[in-house]
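Since the structure is predicted, the reported quantities are computational estimates derived from the model, not experimental observations. Atoms considered below: every heavy atom in the structure, side chains included; atoms not considered: hydrogens, waters and symmetry mates.
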Amino acid sequence: MSCACANAQDTGSTLSRLRVENLDAPLAIDAAQPRFSWQVQSNQRGAKQVSWRIAVATSPALLEAGKPDIWDSGREASPEPFGHAYTGPALAPGTRYFWKVDVDTSDGHAAQTASFATGLTDESAWAGARWIGKGDGGTRAAPLLRRPFTVDSAVARATVYVAAGGYADVTLDGKPVGPAVLSPGFTNYDKRVQYVATDLTTALQAKGTHVLGMELGRGFYGLTNPDVWHWERAPWHGEPRVRARLAIDFADGRHQDIVTDDHWKLTDGPTLLDDLYGGETYDGRRAQPGFDTAGFNDSAWRAASLVPAPRGRLVSQPQPSITVAATLTADEVTQPKPGVYVFRFPRVIAGWATFRVKGHAGDTIVASYGEKLLPDGSVDVRDRHHYFKEGFQTDRFILSGKGTESWHAKFSYKGFRYVQVSGWPGGAPGRDAVTAQVVHSDVAETSSFDSGNDLLNWIHRAAVNTVLNNLQGIPTDTPMYEKNGWTGDAMVGADMMLRNLDAGPLLAKWVDDISDARNADGAPLLIAPNPGWGDVRAPPWHAAYILVPWSLYMHDGDRRVLARHEPGMAAYVNLEYARSPGGIAMTELGDWVSPETDPDGENAPEDKRVAATAYLYRMATAMADIEHVLGKDADADHFRNMAESVRKAFNKTFYDAHAHVYRGQGDLGYRQAHNLFALAFGLAPEADRSLIAANLASDVRARGNHLDTGALATKIILPVLSHTGHPAEAFAVATQVTFPSWGFWRAQGATSLWEHWKAASRSWGHYFLGTADDWLFGDVAGLRPLEPGWRRIEVAPLFTGFLDHARGSVLTPYGHTSVSWQRHGPRLELKVDVPVGATALVRLPTDNLREASESGTSLDKATGVHVGNACGPGVCVTVDSGRYDFSMPATSLQ
């Protein structure tokens, strides 16, 4: 429950987006020193925050009276609206607090109030709650748990806290307590176990008997179907279990706790089997009628068993919950075989289907989910790699025979566009008999992009949708096949995630997972969380441990992630360098899935040492920057020296200085990736950059304006071409419609990004080849951060003649920033919006300042515009916060 008291102001400044730990009114903050943030709005150009003051109290009234009883920061001079940590006395667990931020700006004063609550930060705060379940042995059916209780007076506040090994679907009086599904979140349960908090104040206003109910799913905690990653043999593996506390504060001052213990009743429920990969079997005949009533006869139920706690420490779930984001209706139903019906939905999604059907008791509907069709029109649900011992993406719904029944899976999600059903009773189903639910982490979309090219717009929309399909509490690798947090995949996608979505808390949590998944030497494993699989050497993938925190710092200004993980990150980079003789590294995974590789996935036909060494260099330079940010200059020098040593070894081993080409042993011809790494990461000799880039552009043209890159190098090919004087080749590659290209996918009917350039790609729901979206924002729209948190923004569109307009916007920690450019006959119009607290370096494609204007005024007289030097071609100006409208001749368009 949030308190957003009226915004007070003297003049034009206002405040919005008050957050604690990057969350809106969180209900369970574990941090001893939670960080506060807000955003300032003003219509005045050049407006700046001058100072702030934060007060924390146990009631809004105390704040409004100016008498905070917990903490008063005092007035602090600072232009920053985020990252300010609480430094008052220890906060009590399970307590709701109110906070007020008071800001002085150059455009007046503004103040606003919000709330947050602390989590159950010590064992006593769980009020004696025990871990319960049905114990080991017995059936695989998901257990049902219930506990009646009575509310006898008005409730002032009620919060239920739920931790689980696996998933806990929680109900109050038979209704879900909130929108979260597949909850709580997934971790290495030997290291940490997440709990979630849900406000039940409104739901418990009615006096009388209520029933708290739960159904427990296996998740990654208790998988039973053997798979290639050995989740069924994870060191924490066990039957689902739960720990919960319902804390009720009454208006008359009394308090009541309902906690999990052996007084709870338990029985096997109607979900006979649940498997994250395989699907679920549900027997409607076993559903419990009247489960929500206190008078329900539970005499046949047994007492819940007290079970051991998972070994990990309890932590409040910091990432947003997974929720149902949308419901889609089928746009076509076909019948490839008698009695077999295929529902096609508008696009590839992650989630499940809901079935509404009427039939006889025992009728069984079998539903199979897939992203594509086989030649005969049936759904492709093959497990070609034999990942799983038993079934795959298949649900079974056994009817109770009691009227019209509705059911959907609770403990598994699928990647699909098509749902194939058989066993449907009563003839052919109608198009509305099966709907599809889009399920992913509840991260808001925080960006927009549009241009004069439909294909570029499609790439952006497909990229965002595909990323969302793969945000399931962690960044995953295909919602259909793997569902694993592959480190290299999210490493290349992190910028895309952070720019387009409010994904910071999720990725910060996932960095904890990477840290938890390191081997005995301190090197990350291939996936995180991890059951003990994938301990191979792969620097380009392990680089996620360093580069994802750096992306969090650049996009969100999150310095705490750097500080928390610096010891482990530094140790790993030192390890990688120590096991790289002569500064040359090795890897099992290189530029994965280049166009000529097997569509099921393999390394590019090139020397993997090039990618490994390039990423060793990139990690060393990043660590030097991280140590500098943290004030560890001696360590920064150490990593700078390491980077220089690796750079020299890289060029000595792989660079042909006569041909201006990077080559490795066993390469299949010219390799774009080798040369891209050298240019993008700063390994190439400065004097030779233009010659190396010219060879790269020549190879692109020789391939008919096609790329030849896999997951690693695709991220950088378009920016490198654009920044080295070859924007025409960049646009030709980006707008290509033949194989290999994004346009080829679209021409094949794709609604999402694929795992491989070829149409035979295993998955049609993978984002790591979609990082062209970075270029759409950074170069086509021309919007990227120059300093952490977007404090300083670069506005540098390509202003290409291939387009007549482009627009992009991003929600930064300071507020929204946007750029929009368009050609109007002989003039070029450029609109820029810079949030309060930030500045922007704007690159204008004109050499004659007298021909350019801002809002009809010459640049040297425009308020907030500071004319700089030539930054060729063109001129640079720096602008303060505010909205700007530049106009200049369009003759300099490329």
Asker: Are the side chain of Trp821 and the backbone of Val832 linked by a donor-acceptor contact shorter than 3.5 Å?
Answerer: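 Side chain of Trp821 to backbone of Val832, a donor-acceptor pair under 3.5 Å: no, none is there.
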Asker: Could you tell me the separation between the OG atom of Ser594 and the CG atom of Leu769, rounded to the nearest 0.5 Å?
Answerer: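 If we round to the nearest 0.5 Å, Ser594:OG and Leu769:CG are 10.0 Å apart.
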Asker: On the 0 to 90° scale, with breaks at 30° and 60°, tag the Trp754-Trp764 ring pair as parallel, tilted or perpendicular.
Answerer: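 Rings of Trp754 and Trp764: parallel, as their planes differ by under 30°.
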Asker: Below 30° counts as parallel, above 60° as perpendicular, anything between as tilted: where do the rings of Tyr553 and Trp550 land?
Answerer: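 Tyr553 vs Trp550 ring planes: tilted.
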Asker: Are more than 12 heavy atoms from other residues, nucleotides or ligands located less than 6.0 Å from atom CZ of Arg883?
Answerer: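 At most 12 heavy atoms, drawn from other residues, nucleotides or ligands, come within 6.0 Å of this atom.
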Asker: Less than 4.0 angstrom from a charged side-chain N to a carboxylate O is my criterion; do Arg560 and Asp558 meet it?
Answerer: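 Asp558 and Arg560: not salt-bridged.
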Asker: Would you please test Thr812 and Gln39 for side chain to side chain contact (heavy atoms under 4.5 Å, CB included) and show each step?
Answerer: CA-CA 9 Å; Thr812 77; Gln39 291 179 355; 5.7 Å; no
Asker: Using the ring centroid of each side chain, check whether His706 and Phe739 are separated by less than 6.0 Å.
Answerer: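 His706 vs Phe739: aromatic centres not under 6.0 Å.
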Asker: Would you indicate whether the side-chain heavy atoms of Ser763 and Glu371 approach each other to under 4.5 Å?
Answerer: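 They are in contact (side-chain heavy atoms under 4.5 Å apart), so the answer is yes.
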Asker: Will you find, in the side chains of His555 and Asp495, an N or O donor that is under 3.5 Å from an N or O acceptor?
Answerer: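 Yes.
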Asker: Within a radius of less than 6.0 Å around NZ of Lys831, do more than 12 heavy atoms belonging to other residues, nucleotides or ligands occur?
Answerer: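 It does not: Lys831 NZ has 12 such atoms or fewer within range.
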Asker: Run the side chain to side chain contact (heavy atoms under 4.5 Å, CB included) check on Thr435 and Leu328 step by step: do they pass?
Answerer: CA-CA 6 Å; Thr435 57; Leu328 305 181; over 6 Å; no
Asker: Centroid separation under 6.0 Å, is that true for the rings of Trp229 and Tyr277?
Answerer: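 Ring-ring flag for Tyr277/Trp229: true, centres closer than 6.0 Å.
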Asker: Does any N or O in the side chain of Gln672 come within less than 3.5 Å of the main-chain N or O of Asp708, such that one atom is a donor and the other an acceptor?
Answerer: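 Checking the backbone N and O of Asp708 against the side chain of Gln672, a donor-acceptor pair under 3.5 Å is found.
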Asker: Would you please say whether a donor-acceptor pair under 3.5 Å links the side chains of Thr817 and Trp790?
Answerer: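 No.
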Asker: Distance from Trp486 atom CH2 to Thr478 atom OG1, nearest 0.5 Å?
Answerer: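 Trp486 atom CH2 to Thr478 atom OG1 measures 10.5 Å (nearest 0.5 Å).
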Asker: Report yes or no: does Thr466 contribute a side-chain atom to a donor-acceptor pair with the main-chain N or O of Leu753 at less than 3.5 Å?
Answerer: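 At least one qualifying donor-acceptor pair exists.
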Asker: Would you mind reporting whether His756 and Arg762 have side-chain heavy atoms less than 4.5 Å apart?
Answerer: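 Arg762 does not reach His756 side chain to side chain.
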Asker: Is the closest side-chain heavy-atom distance between Met554 and Leu498 below 4.5 Å?
Answerer: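 The answer is no, as the side chains (C-beta and beyond) never meet within the 4.5 Å cut-off.
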Asker: Scan side-chain atoms only and decide if Asn22 and Asp556 contain a donor-acceptor pair under the 3.5 Å cut-off.
Answerer: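 No, because no side-chain N or O of Asn22 sits under 3.5 Å from a partner of the opposite role on Asp556.
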Asker: Within this structure, what is the CG-CZ distance for the pair Leu811 and Arg499, rounded to the nearest 0.5 Å?
Answerer: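 If we round to the nearest 0.5 Å, Leu811:CG and Arg499:CZ are 13.5 Å apart.
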Asker: Apply side chain to side chain contact (heavy atoms under 4.5 Å, CB included) to the pair Asn453 and Val780, showing each step before the final yes or no.
Answerer: CA-CA 11 Å; Asn453 184 286; Val780 177; over 6 Å; no
Asker: With distance as the sole test, does Asp513 use its side chain to make a donor-acceptor pair with the main-chain N or O of Ala528 at under 3.5 Å?
Answerer: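 Side chain of Asp513 to backbone of Ala528: no pair is present.
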Asker: Hydrogens and angles aside, do Thr714 and Thr709 bring a side-chain donor and acceptor to less than 3.5 Å of each other?
Answerer: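 A pair is found: one side chain offers a donor N or O, the other an acceptor, under 3.5 Å apart.
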Asker: Flag the pair Asp477 / Glu755 as yes when at least one side-chain heavy-atom distance between them is below 4.5 Å, and no otherwise.
Answerer: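 A side-chain contact exists here, since the closest heavy-atom pair is under 4.5 Å.
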Asker: Between Glu482 (side chain) and Pro479 (backbone), is there a donor-acceptor pair under 3.5 Å?
Answerer: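 No: the side chain of Glu482 does not pair with the backbone of Pro479.
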Asker: Relative to the ring of Trp757, is the ring of Trp742 parallel (under 30°), tilted (30 to 60°) or perpendicular (over 60°)?
Answerer: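 Rings of Trp742 and Trp757: perpendicular, over 60°.
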Asker: Could you check whether any side-chain heavy atom of Phe799 comes within less than 4.5 Å of a side-chain heavy atom of Leu830, counting everything from C-beta outward?
Answerer: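 Of all side-chain heavy-atom pairs linking Leu830 with Phe799, at least one is under 4.5 Å.
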Asker: Is there a side-chain contact between Phe777 and Met496 in this structure, where contact means two heavy atoms from C-beta onward sitting under 4.5 Å apart?
Answerer: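 A side-chain contact under 4.5 Å is absent here.
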Asker: Evaluate the side chain to side chain contact (heavy atoms under 4.5 Å, CB included) criterion for residues Asp512 and His565: first the C-alpha distance (whole Å), next the side-chain angles of each, then the deciding distance (0.1 Å), finally the verdict.
Answerer: CA-CA 8 Å; Asp512 291 339; His565 293 287; 2.9 Å; yes
Asker: Can you tell me how far CG of Leu679 sits from NE2 of His674, rounded to the nearest 0.5 angstrom?
Answerer: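 The CG atom of Leu679 is 13.0 Å from NE2 of His674, to the nearest 0.5 Å.
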Asker: Tell me if a side-chain donor or acceptor on Gln736 pairs with a main-chain N or O of Asn705 at a distance below 3.5 Å.
Answerer: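 Looks like yes, one N/O pair under 3.5 Å.
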Asker: Does a donor on one side chain and an acceptor on the other come within less than 3.5 Å for Asn457 and Ser451?
Answerer: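 Their side chains do contain a donor-acceptor pair, which is all the 3.5 Å distance test asks for.
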Asker: So how far is it from Asn603 CG to Asp598 CG, rounded to the nearest 0.5 Å?
Answerer: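 With rounding to 0.5 Å, CG (Asn603) is 12.0 Å from CG (Asp598).
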Asker: Salt bridge between Arg671 and Asp699, side-chain N to carboxylate O under 4.0 Å?
Answerer: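 Salt bridge absent between Arg671 and Asp699.
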Asker: State whether the side chain of Ser722 and the backbone N or O of Pro727 hold a donor-acceptor pair below 3.5 Å, judged by distance alone.
Answerer: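 A pair under 3.5 Å: no.
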Asker: Indicate yes or no: does Asp450 engage Arg807 in a salt bridge with an N to O separation below 4.0 Å.
Answerer: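 The answer is yes: the pair qualifies as a salt bridge.
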Asker: Just to verify, which of Asp774, Asp591, Asp489 counts as forming a salt bridge (charged side-chain N to carboxylate O under 4.0 Å, His left out) with Lys715?
Answerer: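 Running salt bridge (charged side-chain N to carboxylate O under 4.0 Å, His left out) over Asp774, Asp591, Asp489 with Lys715 returns exactly one hit, Asp774.
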Asker: Is it true that the NZ or CZ of Lys483 lies under 6.0 Å from the centre of Phe220's six-membered ring and within 45 degrees of the ring axis?
Answerer: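 Because its charged atom misses either the 6.0 Å distance or the 45° angle limit, Lys483 does not stack over Phe220.
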Asker: Between Ser321 and Asp442, is a side-chain hydrogen bond (donor to acceptor under 3.5 Å, both in side chains) present by the stated rule, with each step listed?
Answerer: CA-CA 6 Å; Ser321 294; Asp442 187 18; over 6 Å; no
Asker: Under 3.5 Å, is there a donor-acceptor pair between the side chain of Arg823 and the main chain of Leu803?
Answerer: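 At least one qualifying donor-acceptor pair exists.
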Asker: Does the distance from a Lys or Arg side-chain N to an Asp or Glu carboxylate O, for Arg461 and Glu445, drop under 4.0 Å?
Answerer: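 Looking at Glu445 together with Arg461, the answer is yes, because their closest N to O distance falls below 4.0 Å.
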Asker: Is any side-chain heavy atom of Tyr670 less than 4.5 Å from a side-chain heavy atom of Leu696?
Answerer: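 A side-chain contact under 4.5 Å exists here.
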Asker: Specify the closest pair of heavy atoms between Ile626 and Met569, including all atoms of both residues, with the distance to one decimal.
Answerer: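 Looks like CD1-CE, 4.1 Å.
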Asker: Quick one: does any side-chain atom of Glu794 pair with a main-chain N or O of Leu786 as donor and acceptor, under 3.5 Å?
Answerer: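 Here the side-chain-to-backbone pair does not exist.
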Asker: Consider ring-ring contact (aromatic ring centres under 6.0 Å, His included). Of Tyr481, Phe416, Tyr369, which one does Phe392 pass it with?
Answerer: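 Running ring-ring contact (aromatic ring centres under 6.0 Å, His included) over Tyr481, Phe416, Tyr369 with Phe392 returns exactly one hit, Tyr481.
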Asker: Output the distance between atom OG (Ser441) and atom CD1 (Ile322), rounded to the nearest 0.5 Å.
Answerer: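 Here the rounded value is 5.0 Å.
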Asker: Quick one about Ser448 and Ser809 (side-chain donor to acceptor, distance below 3.5 Å, no hydrogens or angles considered), yes or no?
Answerer: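 Note: Ser809 and Ser448 side chains meet the donor-acceptor criterion.
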Asker: Check whether the ring centres of Phe681 and Tyr617 lie less than 6.0 Å apart, and answer yes or no.
Answerer: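 Phe681 vs Tyr617: aromatic centres not under 6.0 Å.
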Asker: Please check if any side-chain donor atom of Asp502 sits under 3.5 Å from a side-chain acceptor atom of Thr446, or the reverse.
Answerer: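 No pair is found: no donor N or O on one side chain lies under 3.5 Å from an acceptor on the other.
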Asker: Once you measure the plane-to-plane angle for His766 and Phe768, does it fall in the parallel (<30°), tilted (30-60°) or perpendicular (>60°) bin?
Answerer: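 Tilted: the ring planes of His766 and Phe768 meet at 30° to 60°.
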Asker: Quick check: do Leu712 and Met491 have side-chain heavy atoms less than 4.5 Å from each other?
Answerer: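 Leu712 reaches Met491 side chain to side chain.
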Asker: Strictly distance-based, threshold 3.5 Å: is any side-chain N or O of Thr476 a donor or acceptor partner for the main-chain N or O of Asn470?
Answerer: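 Such a contact is found between Thr476 side chain and Asn470 backbone.
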